[in-house]
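Residue numbers run from 1 in the order of the sequence given.
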Amino acid sequence: MPTEISAKKPLLIPAALVAVGVALAGCGSDEGFKGVAEAAGLATTPQESKAFVRETRPADLEYVPVGSSVTRTAPRKPVEDYKKIEAALEAKQKANEAAGNTAKALGTTPPPEPAKIPKN
């Protein structure tokens, strides 16, 4: 059964896509169709920040943008500090190994005999 496609149907899809594109484009900028999109309820304006947000956040955020080669200057620790940290870590490692050996030795003791139930 052949079906006939009217000449108007193929134009409905591109026309609908153009209408949706225009409505969405109005949401993207302050010019053009944004006023129409706001009136239709398809776009909104950003709200002003609350008072506690404005008070707690600094106006100029200090951060390094992603992809930039800007580096921050950080104070270097002296070599003596690293040697102290290394010595403390080695002491902790030795203490952990000793505790592990003690636990291993305690784990090799035979289990106790089961309790004997008196027979009446």
Side-chain angles (χ1 to χ4, degrees):
M1 297 181 107
T3 58
E4 293 184 27
I5 300 175
S6 70
K8 293 181 183 178
K9 278 192 177 179
L11 295 177
L12 288 178
I13 294 174
L17 289 176
V18 169
V20 169
V22 168
L24 292 177
C27 299
S29 68
D30 289 337
E31 303 164 2
F33 296 101
K34 183 158 182 172
V36 175
E38 284 178 351
L42 298 174
T44 59
T45 55
Q47 293 180 352
E48 185 177 331
S49 300
K50 303 286 183 196
F52 73 92
V53 174
R54 288 191 305 268
E55 292 168 2
T56 57
R57 291 188 182 163
D60 183 29
L61 297 174
E62 295 178 12
Y63 67 94
V64 177
V66 175
S68 69
S69 60
V70 177
T71 58
R72 295 183 295 174
T73 56
R76 290 187 60 175
K77 289 186 177 184
V79 177
E80 295 82 28
D81 287 353
Y82 287 110
K83 294 201 185 251
K84 287 178 189 175
I85 293 169
E86 186 177 11
L89 288 174
E90 286 176 358
K92 185 68 173 173
Q93 179 183 10
K94 287 179 183 177
N96 285 342
E97 286 175 355
N101 290 335
T102 303
K104 209 182 281 185
L106 292 174
T108 59
T109 58
E113 293 283 327
K116 301 209 182 210
I117 301 173
K119 295 180 182 179
N120 289 343

May I have all residue pairs that pass salt bridge (Lys or Arg N to Asp or Glu O under 4.0 Å) and include part of residues 102-120, sequence neighbours excluded?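 For residues 102-120: none.
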
For V53, what are the other residues in its hydrophobic cluster, where any two members join if their side-chain heavy atoms are less than 4.5 angstrom apart?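 Other cluster members: F52.
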
Show me the donor-acceptor pairs within less than 3.5 Å that the side chains of residues 83-91 make with the rest of the protein, sequence neighbours left out.
none

What pairs with P78 under side-chain contact (heavy atoms from CB on, under 4.5 Å), at least two apart in sequence or on another chain?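 Applying side-chain contact (heavy atoms from CB on, under 4.5 Å) to P78 gives E80, D81.
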
Under the salt bridge (Lys or Arg N to Asp or Glu O under 4.0 Å) rule, collect the residues that match up with R54, sequence neighbours excluded.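 With sequence neighbours excluded, R54 shows a salt bridge (Lys or Arg N to Asp or Glu O under 4.0 Å) to E48, given in chain and number order.
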
